[in-house]
Amino acid sequence: MSSLVGVRVCGLKTTVSMPKRAKKNEEAVDGETGNGAGLHPHRLHQITLKAPILYEDPPDKMTSKDGRAANMKITSWNVDGLRAWVKKKGLDWVRKEDPDVICLQETKCAEKALPSEITDMPEYPHKYWAASEGKEGYSGVAMLCKSEPLNVTYGIGKEEHDKEGRVITAEFPSFFLVTAYVPNASRGLVRLDYRKTWDVDFRAYLSDLDKRKPLVLCGDLNVAHQEIDLKNPKGNRKNAGFTPEEREGFTELLEAGFTDSFRALYPEQANAYTFWTYMMNARAKNVGWRLDYFLLSSALLPGLCDSKIRNTAMGSDHCPITLYLAV
């Protein structure tokens, strides 16, 4: 999509045309105001020297608070196009990370077009795919497992949502694993009403699952919940991913009995993001959003060991996240 937006160039507000490549939440890359016209060039040079505040993923914690060792490792990654991600050596990183389950979002790939590099992976003999029915190269999720789940289902039981290929649910002996690519409210918030409907229906789906067995929800949930979860909250309050409606939807999901695992362990950690626009060198400057999550049912919280943001992994405009759990 293409639109005129305000961004910061060396600290100055200017207007650029967003290319088709820039996708979600770029309406305010930096979000501050003022055009700075007439600043002396030397002042511009000084502004560019300001060092970005980066986030360093701390050492992995392998033991839960109740003293159990992690025995389940799950990774989630919005790959922003599976075929391009494979070409960018995303699978090399997966093999090094070596999770028990890898969940992918925004695969943008029909099953018939999947690259052999991933369909033939012997490390993950159990592979599951969901793609958009009506739009080629749109949405899509995948789940690759070392051990075979007891059962796997697709969607949430509502055709208006399920036709876009956004959810896979796998049942394991002691929990459900749900991976989701939540709809974006889109530029101009043209899908905000749809997103609000999705939030209600998805919450009901998860709550019904939770009555049967505790669950882990992972994926790109397309919302930065609190101001700490994005670099420039003031400039993004009317933009997709940080509207009051989307944030309230996430709050209601937490109130339904689910916990943001990263915030449970790192409640005050700022500058920890999982998405950066391709525009304006945002990733190097760490001008980002935390859009990717592991949410846990309350029954699984005692076994939470760590919730990681692997922000040095390249290959997408999102980075992968990893959960360590004792189950």
Side-chain angles (χ1 to χ4, degrees), residues 3 5-6 23-33 55 76 78 105-106 139 156 161 164 166-167 178-207 210 215-277 282 286-298 301 307 309 317-319 321:
S3 63
V5 296
K23 43 191 216 45
K24 63 193 92 168
N25 304 319
E26 288 97 359
E27 284 84 349
V29 174
D30 190 280
E32 297 181 16
T33 58
Y55 171 71
S76 176
N78 178 321
Q105 302 88 41
E106 206 171 357
S139 190
I156 64 174
H161 305 313
E164 295 192 352
R166 294 188 176 275
V167 176
V178 182
T179 187
Y181 176 45
V182 169
N184 191 331
S186 299
R187 178 168 58 93
L189 304 180
V190 296
R191 294 196 91 192
L192 181 58
D193 286 343
Y194 171 68
R195 168 62 181 270
K196 290 160 64 176
T197 299
W198 161 279
D199 283 348
V200 172
D201 293 341
F202 191 43
R203 183 170 68 250
Y205 172 75
L206 295 173
S207 295
D210 194 38
L215 66 86
V216 174
L217 166 63
C218 70
D220 177 0
L221 304 189
N222 255 320
V223 60
H225 184 218
Q226 303 291 352
E227 291 191 357
I228 196 174
D229 294 316
L230 74 166
K231 180 67 174 180
N232 293 303
K234 291 182 179 179
N236 284 290
R237 297 190 190 283
K238 296 181 180 179
N239 291 326
F242 199 60
T243 63
E245 293 90 342
E246 292 164 298
R247 296 171 66 193
E248 178 60 26
F250 192 91
T251 296
E252 291 175 354
L253 182 56
L254 298 183
E255 290 174 348
F258 304 103
T259 297
D260 176 353
S261 62
F262 183 82
R263 282 287 165 236
L265 295 171
Y266 308 101
E268 305 299 328
Q269 179 62 61
N271 306 300
Y273 310 125
T274 65
F275 164 80
W276 306 261
T277 173
N286 201 28
V287 178
W289 301 59
R290 190 168 72 96
L291 302 178
D292 303 84
Y293 298 81
F294 283 104
L295 301 190
L296 306 181
S297 295
S298 56
L301 275 179
S307 189
I309 295 178
D317 51 2
H318 290 249
C319 73
I321 57 175

| query | Checking Tyr293 side chain against Val223 main chain: does a donor-acceptor pair fall under 3.5 Å? | reply | yes
Interatomic distance, CD@Gln105 vs NE2@His318, rounded to 0.5 Å, equals 8.5 Å
Closest heavy-atom pair, Leu295 versus Leu253, reported as atoms and distance to 0.1 Å, is CD1-CD2, 3.5 Å
Give the ring-plane orientation class for Tyr205 versus Phe202, where under 30° counts as parallel, over 60° as perpendicular and anything between as tilted. parallel
In short, Gly249 meets Asp199 closest at the heavy-atom pair CA-OD2, 3.9 Å
Run Arg191 and Asn184 through side chain to side chain contact (heavy atoms under 4.5 Å, CB included) and show every step you take. CA-CA 7 Å; Arg191 294 196 91 192; Asn184 191 331; over 6 Å; no
Would you call Asn286 and Trp276 a side-chain contact if the rule is heavy atoms closer than 4.5 Å? yes
Distance col, row Trp289:CH2 vs His225:NE2, nearest 0.5 angstrom, shows 14.0 Å
For Ser297 and Leu215, the nearest pair of non-hydrogen atoms, with its separation, is OG-N, 2.8 Å
Side-chain heavy-atom pair Gln269, Phe262 within 4.5 angstrom cut-off: yes
With heavy-atom distances below 4.5 Å as the criterion, would you say the side chains of Tyr181 and Asn222 are in contact?
yes
For Tyr273 and Ile228 the tightest heavy-atom approach is CE2-O, 4.1 Å
* Stepwise side chain to side chain contact (heavy atoms under 4.5 Å, CB included) check, His161 with Tyr194 -> CA-CA 9 Å; His161 305 313; Tyr194 171 68; 2.8 Å; yes
Please tell me if the side chains of Arg166 and Trp198 come closer than 4.5 Å, counting only heavy atoms from C-beta onward.
yes
Tightest non-hydrogen contact, residues Ser307 and Phe294, listed as OG-CD1, 4.2 Å
In this structure, CD1 of Ile309 is separated from OH of Tyr55 (nearest 0.5 Å) by 5.0 Å
Interatomic distance, CG@Asn232 vs CZ@Phe242, rounded to 0.5 Å, equals 10.5 Å
Salt bridge (charged side-chain N to carboxylate O under 4.0 Å, His left out) pairs touching residues 254-271, sequence neighbours excluded, are Asp229-Arg263, Asp260-Arg290
With Asn78 as partner, the option from Asp292, Asp317, Asp220, Thr274 fulfilling side chain to side chain donor-acceptor pair (under 3.5 Å) is Asp220
For residues 240-251, the salt bridge (charged side-chain N to carboxylate O under 4.0 Å, His left out) pairs (sequence neighbours left out) are Arg195-Glu246
The reported gap from CD in Glu227 to CG in Asn236 (rounded to nearest 0.5 angstrom) is 11.0 Å
Across all chains, not counting sequence neighbours, the side-chain hydrogen bond (donor to acceptor under 3.5 Å, both in side chains) partners of Ser139 are none
